[in-house]
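Report on the following structure.
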Amino acid sequence: MIKKILIANRGEIAVRVMRSCKEMNIATVAVYSEADRTSRHVLYADEAICIGPAPSKDSYLVIDNLIAAAKQTGADAIHPGYGFLSESSDFARRCAKEGIIWIGPSPEAMEMMGDKITARKTMIEAGVPVVPGVQHDLSLEEAKKVIKEIGYPVIVKASAGGGGKGMRVIRKDEEIEEAYNTAKSEALSSFANGTLYIEKYIENPHHIEFQILGDNFGNVIHLCERECSVQRRHQKIVEESPSPMMTADLRKDMGEKAIMAAKAVNYSGAGTIEFLVDDNKNYYFLEMNTRLQVEHPITEEVLRIDLVKEQINVANNLPLRLHQEDIVQRGHAIECRICAEDTENNFMPSPGIIQQLTEPLGIGTRVDNYVYEGYEIPIFYDPMIGKLIVWATTRAYAIKRMRRVLFEYKITGIKTNINYLRRIMDASDFLRGKYDTGFIEKNSEFLLDEHYEGSQDETEDIAIIAAYMDYILNLEENATKTTDNRVISKWREFGKRNAMLRI
Amino acid sequence: MIKKILIANRGEIAVRVMRSCKEMNIATVAVYSEADRTSRHVLYADEAICIGPAPSKDSYLVIDNLIAAAKQTGADAIHPGYGFLSESSDFARRCAKEGIIWIGPSPEAMEMMGDKITARKTMIEAGVPVVPGVQHDLSLEEAKKVIKEIGYPVIVKASAGGGGKGMRVIRKDEEIEEAYNTAKSEALSSFANGTLYIEKYIENPHHIEFQILGDNFGNVIHLCERECSVQRRHQKIVEESPSPMMTADLRKDMGEKAIMAAKAVNYSGAGTIEFLVDDNKNYYFLEMNTRLQVEHPITEEVLRIDLVKEQINVANNLPLRLHQEDIVQRGHAIECRICAEDTENNFMPSPGIIQQLTEPLGIGTRVDNYVYEGYEIPIFYDPMIGKLIVWATTRAYAIKRMRRVLFEYKITGIKTNINYLRRIMDASDFLRGKYDTGFIEKNSEFLLDEHYEGSQDETEDIAIIAAYMDYILNLEENATKTTDNRVISKWREFGKRNAMLRI
Amino acid sequence: MEVHIGGRIANVELISKDGNNVVIRIDDKEYNLDVVMPEAGVCSILHNSKSYNAEYKRKDKSYIVNTQFHSFPVEIVDSQAKYLRNRKKEDVDEQQDRIFSPMPGKIVKVLVEKGQEMHAGDAVVVVEAMKMQSEYKVKRDCKIKDILIAEGDTIDGNQTLVTLE
Amino acid sequence: MEVHIGGRIANVELISKDGNNVVIRIDDKEYNLDVVMPEAGVCSILHNSKSYNAEYKRKDKSYIVNTQFHSFPVEIVDSQAKYLRNRKKEDVDEQQDRIFSPMPGKIVKVLVEKGQEMHAGDAVVVVEAMKMQSEYKVKRDCKIKDILIAEGDTIDGNQTLVTLE
């Protein structure tokens, strides 16, 4: 049985994994870059090893350093979290070679799913629907013929691509040639691989994914769906489960296909099959994520399971504890990703020192966090500082609870997307559960409206009063300055004095 | 429908009630004493009214002031929380008279359950088992006869009593006369009422209570049990649900009796029937609490309901949303009460300013809180500063999760019972689920053991290093003092500087 | 005293202060308030029994104040600040002579050429930092003087990317 | 330098300090540490890769330090503190001339009579404060000089309840 796990990650996912380890009496090893000495995951772990300078490529992405840290501390397993090396089959293979348990699927499964064309071929063979299209490299002439067969709109994509690079949508004949050529040159320059393929373009699809769980004995179950269509530039912002567009039949059908997909690559551990779903509930395999996902907590809340514990059990070579018939969604869960970013300034990242932080608590509230008051968010990594997850008996209650939770979340010192998230919870498309991946674009004006709630004048006056009172008290304090080296700042002292006695 | 609720309480329960109000789009009015201007419930509410000086008897217990506050703000309902006036039928009656909805049972039900002798009589008539004994006042000679009938041990109790006053256990003939006389004189001097009654004394019983919920249409359901036997001087410290000693048959049986008890007084709203249970699973009605209880969240977690929302629905004259057959306990919940007290110094209250606070978060964790960094816990009220509630699939996992959560909870500036709670989670009687109300006494040595975990030397050295480093840095800071009026204290600045740059 | 909030200039005057009880006039509106600071950078204001909270971050006399779902820049313009403001105005007025990223990152795209004429608001480069792409724009009409980086370059925080004239 | 922790007196010496890297000798044990203070009153110590946290509250040179499930009183005895300590020792040695409650509350029980001889640790009164009952005891052998309260009385914080001689 695994006794000590090195978490090859940072931030909230590192802390989240450690929480489950602690509950299983498994010792934890944090790794950290030089910029992360004060990150919560270092403070939380039983042991901590510095693995290099701040840039990821010199620390969190250096396999040799991670393996050395595991050796030094005697960790018998590595959990990769998400991002960084979590989908690196090289890392998984190296772990196996070094006799360290990799908490994830086999390197072979990762590779088959990692390459888009191989994944697509495998899915077709397994009987999982894929977007109509052609998966091998095409000349311009061949492309024209294929497009005629599929019908508009279509998309040309770089096989090795990702994140919108090397992609072009084509809506009519005249666009084919230019789109083909630019996609090809972008693919060559970005990925050094000019292979293109052509697919039917699904306009503003729903992004719906199925969590699956497999063990080393060939058992695979699905843990139902997550609706992830609230995306901005392919970045998920809000996720919910169940999906408001899902039906019992469709769930059963897609779930079975997700299981087939996972079985086709002998998948073991936790993974996600992402589907595109059009408005007629036609669904197509998009890709498989061979790791835990950011939005895994909403599945945990509606099913009341702990996915990290299940991952560790599978890594311990135990058969699945759960059977498909045990899996019943109850109630509704929503997750909001809190990011240090300036929504009013083109979502520019906003790192900095957290001056004051109040996290929401109470019934139905889960916060997967890692920041704290006084912590400086480093400039080197992802701007996501935590996740708010609520559960309630119905979708309508869950939305109301999320509003309450967003109201309670207070942070100063950096800018965050809290206001923006709050507006999503008021957008009528979201409230009605009628939205797809076009949601953010369609509602952008409403979501960024500055004159959004309440009288602007009244709240402006409140802001003026707060600043003005602080200014006045500063003047007073400077006039009566005392040497004061108590740890509690004079501001707090003032608060106390003011409340309990009199100014 | 209720649009605005005044919460006639403070601290965590006021915030907890407001959270549910906010999720129902109901406006909230906080009331506060002069000592509570900075209490979280004031900051959390939509409106706040000062109702008098710090001592409860001059503020939170003054019905006139509460009614005036409700009138002034136009609140159409009052939620009393627990403690203070929550069991005052005078307050409930006054609300009715003023046309304010009382979120609780009728004054008549409160009165019938409030007087021990009336309650006992009502329960006997309703067919609910009570502790064998005699409920009317007895002369010494009559008492002797009754004791012979019941058999030792017995207890004499003041009818008007509570909190251990005017109570005496009698184990043999020679003790009768002195016990009778002292109980009588204590009862007279403490409660100005010398009425005594005699009951079978249940040695170290289990304290098991059933949550019930009734509406204004005669429907009553029970929401299963809470095990509350971990008590110190009749104060509950840790509660769990389900009870480790409960069986399905006993639950059904006691649940039905709890419903009968509630129906006997036409109970409406949320209430609790407390039972004493002996080792042979004989159970006896102890008393009914005609209000929400501190430990209500563990019921909410195993049933996934919101009791405050249910209370408000009943007050809105809606029929119960839930039916008995909907009620199925899932998994296991444990609550720990966090108190500002010095466990090593006879549990003396430890009020003060909270210098640093880290609350536990993540999967399966609920914190019902009200304090924050910089907040001064007033000396006038209950020392409970919050509640940690965990849920997990099994009791064993819930205990492990509670250990993790207690590990994450960090507070400085005041003393708390966190270490003590942690030890309870390691006590073998608790782990085996074999405990009764004698638990704390039986395990007191283990629970207060200073040399409890790990090498004392090593942790001592860590403590020395922390203090010494702080001392040294102070010397340095004083030597290089700069006028610094940034809000972030120099301590944090140091942390940052130290981590990111170099000292 | 002048207080600037967004585009608005408010006239603010402290009428009286007795313990928590504060009377303030903002323009022609008089507020009778109960004000406390329960925590560093947190202000609780009771007005006609309504409970308001504001959190703020201060830098000299400039504040960022968050109220319920709003964030405001607030500036206190006392006589000293007024003096400095006036001086500054004479000195430089929205002078921007370079494009730089406050964070280290990677150049994703260069959208301009040397010598190109720019209008206020035109984008110059796209930088990827903290896994997000951001466009950097010119604040005034100007001309691209020099381009010091190329697509794909890794850059440091505050490094000059493009110079303007 | 002397550091007192509970009953133990430790000899502590700072050998070197370079950035976060600190070498400290405690008695005859040398520690090679990485130390940072991430937050006010919080200390993170890495020792042989083990991660320790301590939270502390300081008053002059006295600390209450919490480590994982332990709470220690720690006192730094530098030369100045040593001098003060010695002076104090001559002055008063556990001099206790009255019983008082640090909090307001109510007298639940008076356990002694005027003139009664007391042994160290004997209980004098029971006070209810913050809904909890606490016994107050004498710290040394003494005699009850006067009783200034009665059962049922409401008392203020720091009010003298009983005088001792």
Side-chain angles (χ1 to χ4, degrees), chain A residues 15-16 19-20 22-25 35 37-38 44 297 300-301 304-306 308-309 330-331 353 355-356 358-359 361-369 372-376 378 391-393 397 400-401 403-404 407-408 413 474 477-478 481 483 485 487-492 495-496 498-500, chain B residues 15-16 19-20 22-25 35-38 44 297 300 304-306 308-309 330-331 353 355-356 358-359 361-369 372-376 378 391-393 397 400-401 403-404 407-408 413 474 477-478 481 483 485 487-492 495-496 498-500:
Chain A
V15 174
R16 189 262 167 275
R19 283 187 164 125
S20 287
K22 211 169 241 308
E23 294 176 6
M24 297 176 86
N25 300 330
R37 172 64 181 85
T38 58
Y44 198 97
E300 295 184 322
E301 292 305 310
R304 286 199 139 179
I305 60 164
D306 181 330
V308 173
K309 281 184 190 163
R330 286 182 215 282
I353 297 175
Q355 177 189 309
Q356 191 272 335
T358 305
E359 278 152 321
L361 297 168
I363 187 166
T365 308
R366 169 175 170 183
V367 184
D368 277 21
N369 68 320
Y372 54 86
E373 280 188 19
Y375 177 67
E376 175 162 20
W391 179 93
T393 44
Y397 272 136
K400 287 180 177 175
R401 182 159 286 162
R403 288 191 193 134
R404 187 269 288 176
F407 159 79
E408 287 187 22
N474 264 315
E477 293 232 342
N478 287 337
K481 204 164 206 144
T483 45
N485 58 1
V487 172
I488 293 177
S489 87
K490 58 195 166 182
W491 293 95
R492 302 205 168 169
K496 182 206 149 197
N498 196 5
M500 299 300 294
Chain B
V15 174
R16 190 260 165 276
R19 284 187 162 125
S20 286
K22 207 164 244 311
E23 293 175 8
M24 298 175 84
N25 300 332
D36 267 347
R37 172 65 180 85
T38 58
Y44 198 98
E300 296 184 321
R304 287 197 138 179
I305 60 167
D306 181 330
V308 171
K309 282 184 190 163
R330 287 183 216 279
I353 297 175
Q355 175 192 310
Q356 190 274 334
T358 305
E359 277 153 323
L361 297 169
I363 188 167
T365 307
R366 169 174 171 184
V367 184
D368 277 21
N369 67 321
Y372 54 87
E373 280 188 20
Y375 177 66
E376 174 162 22
W391 179 93
T393 44
Y397 272 137
K400 286 180 178 173
R401 182 159 286 166
R403 286 191 194 134
R404 186 271 288 177
F407 158 78
E408 286 187 21
N474 263 315
E477 294 232 341
N478 287 339
K481 203 163 208 146
T483 45
N485 59 0
V487 173
I488 293 177
S489 85
K490 58 191 165 185
W491 292 94
R492 302 203 169 171
K496 184 206 148 198
N498 196 3
M500 299 302 293

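All chains are named by letter (A, B, ...) in the order of the sequence lines, taking the proteins before the strands, and each is independently numbered beginning at 1.
Counting heavy-atom pairs closer than 4.5 Å to chain B, the top residue among A:E301, A:K22, A:R19 is A:R19. Ranked by non-hydrogen atom pairs under 4.5 Å with chain B, the options A:V308, A:I305, A:L361 are led by A:L361. Ranked by non-hydrogen atom pairs under 4.5 Å with chain A, the options B:E359, B:E300, B:R330, B:K400 are led by B:R330.
Heavy atoms of B:D306 lying under 4.5 Å from chain A belong to its backbone as well as its side chain. In this structure, the portion of A:R16 lying under 4.5 Å from any heavy atom of chain B is its side chain and not its backbone. Using a 4.5 Å cut-off between heavy atoms, A:T393 touches chain B through its side chain atoms alone.
Comment: B:R404 engages B:E408 in a salt bridge, judged by a side-chain N to carboxylate O separation of less than 4.0 angstrom.
Note: A:T38 OG1 to A:Y372 OH = 4.0 Å, rounded to the nearest 0.5 Å.
Put simply, the side chain of A:R401 gets close to the backbone of A:W391: a donor and an acceptor are under 3.5 Å apart.
For A:Y397, there are no ring-ring contact (aromatic ring centres under 6.0 Å, His included) partners two or more places apart in sequence or in a different chain.
Side-chain contact between B:Q355 and B:I353 is absent, with no heavy atoms from C-beta onward closer than 4.5 Å.
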